[in-house]
Amino acid sequence: QVQLVESGGGLVQAGGSLRLSCAASKSIVSINLMAWYRQAPGKQRELVADINSGGGTNYADSVKGRFTISRDNAEKMVYLQMNSLKPDDTAVYYCWVRTRLLRSYWGQGTQVTVSS
C-alpha cells in the first residue's frame with residue numbers, strides 16, 4: 001500500500017525552478033521528521049533536506065541557498081522548492097518520514113532532470 005506519494009518532478013533547464021510535493025496518508029500517525037533524499041544512477045542515496053516537528057531545517061551543503069523545505073502538518077504534506085537548478089541536481093527524489101514510534105516510510109520517488 002502506497003503511503004507517501006511524490007509529485008512535481010520533470011524536465012527543466014539549468015537555472016530553472018521546480019517544486020516537489022509529498023502527500024502522506026492519514027494512516028501515518030504522529031509524524032515527527034520529514035525529509036527529501038535523492039539518488040542518481042550509480043551513486044549513494046543522499047539527504048537533501050529535512051524538517052522536524054518544530055520547523056527546524058537542515059540542508060545538504062550542495063543545495064543551501066537554493067532549496068527550501070517546508071511542511072503543512074494539517075494536510076500531512078512536505079514540499080521542496082528548488083531554485084537555480086543545476087545539472088548535478090538530476091536524480092530521483094524521494095520523500096521520507098519518521099513517526100514518534102520510530103517507524104519510517106519511503107515514497108516511490110519522482111524523477112528530476114536538469115538539462116544544460
Side-chain angles (χ1 to χ4, degrees):
Q1 184 177 358
V2 177
Q3 295 184 281
L4 293 179
V5 180
E6 303 99 333
S7 62
L11 176 64
V12 65
Q13 289 187 295
S17 297
L18 217 53
R19 184 174 185 252
L20 304 183
S21 300
C22 174
S25 170
K26 290 192 65 177
S27 66
I28 303 179
V29 181
S30 299
I31 296 173
N32 278 350
L33 191 65
M34 309 182 84
W36 288 96
Y37 287 77
R38 67 185 182 187
Q39 186 170 28
K43 297 183 179 179
Q44 295 269 355
R45 185 171 299 187
E46 64 175 349
L47 177 66
V48 177
D50 62 40
I51 181 167
N52 62 30
S53 58
T57 59
N58 291 290
Y59 296 93
D61 288 340
S62 60
V63 307
K64 284 182 179 177
R66 300 188 297 120
F67 291 10
T68 303
I69 188 171
S70 60
R71 64 191 287 172
D72 183 334
N73 293 330
E75 298 187 8
K76 295 182 181 294
M77 299 284 293
V78 61
Y79 307 94
L80 186 68
Q81 178 66 46
M82 304 184 293
N83 298 326
S84 302
L85 283 163
K86 306 174 180 179
D88 284 348
D89 295 319
T90 296
V92 177
Y93 284 70
Y94 297 90
C95 180
W96 177 87
V97 305
R98 187 180 68 200
T99 69
R100 285 194 172 188
L101 269 53
L102 301 183
R103 186 171 182 83
S104 62
Y105 301 83
W106 287 99
Q108 299 172 97
T110 185
Q111 178 71 47
V112 172
T113 302
V114 184
S115 62
S116 58

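Every heavy atom of this structure was used, including side-chain atoms; hydrogens, water molecules and symmetry mates were not.
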Answer yes or no for Arg19 and Tyr79: cation-pi contact, defined as NZ/CZ to six-membered ring centre under 6.0 Å and angle to ring axis within 45°.
-> yes
Take atom CD of Gln81 as the centre, draw a 6.0 Å sphere, and report whether it contains more than 12 heavy atoms from other residues, nucleotides or ligands.
-> yes
Hey, does the Lys NZ or Arg CZ of Arg45 hover above the aromatic six-ring of Trp96, less than 6.0 Å from the centre and inside 45° of the axis?
-> no
Is any side-chain heavy atom of Thr90 closer than 4.5 Å to a side-chain heavy atom of Gln111?
-> yes
Quick one: pull up CD in Gln39 and OH in Tyr93 and give me the separation to the nearest 0.5 Å.
-> 12.0 Å
Val112 and Leu18, any side-chain heavy atoms less than 4.5 Å apart = yes
Steps toward side chain to side chain donor-acceptor pair (under 3.5 Å) verdict (Gln3, Ser27) = CA-CA 8 Å; Gln3 295 184 281; Ser27 66; 2.8 Å; yes
Counting only N and O atoms by type, is there a donor-acceptor contact under 3.5 Å from the side chain of Gln13 to the main-chain atoms of Ser115?
-> no
Can you tell if the side chain of Phe67 reaches within under 4.5 Å of the side chain of Asp89, non-hydrogen atoms only?
-> yes
Pairwise side-chain contact, Ile28 with Tyr105, heavy-atom cut-off 4.5 Å (strictly under) | yes
Flag the pair Val48 / Tyr59 as yes when at least one side-chain heavy-atom distance between them is below 4.5 Å, and no otherwise.
-> no
Are Val78 and Cys95 close enough that some pair of their side-chain heavy atoms sits under 4.5 Å apart?
-> yes
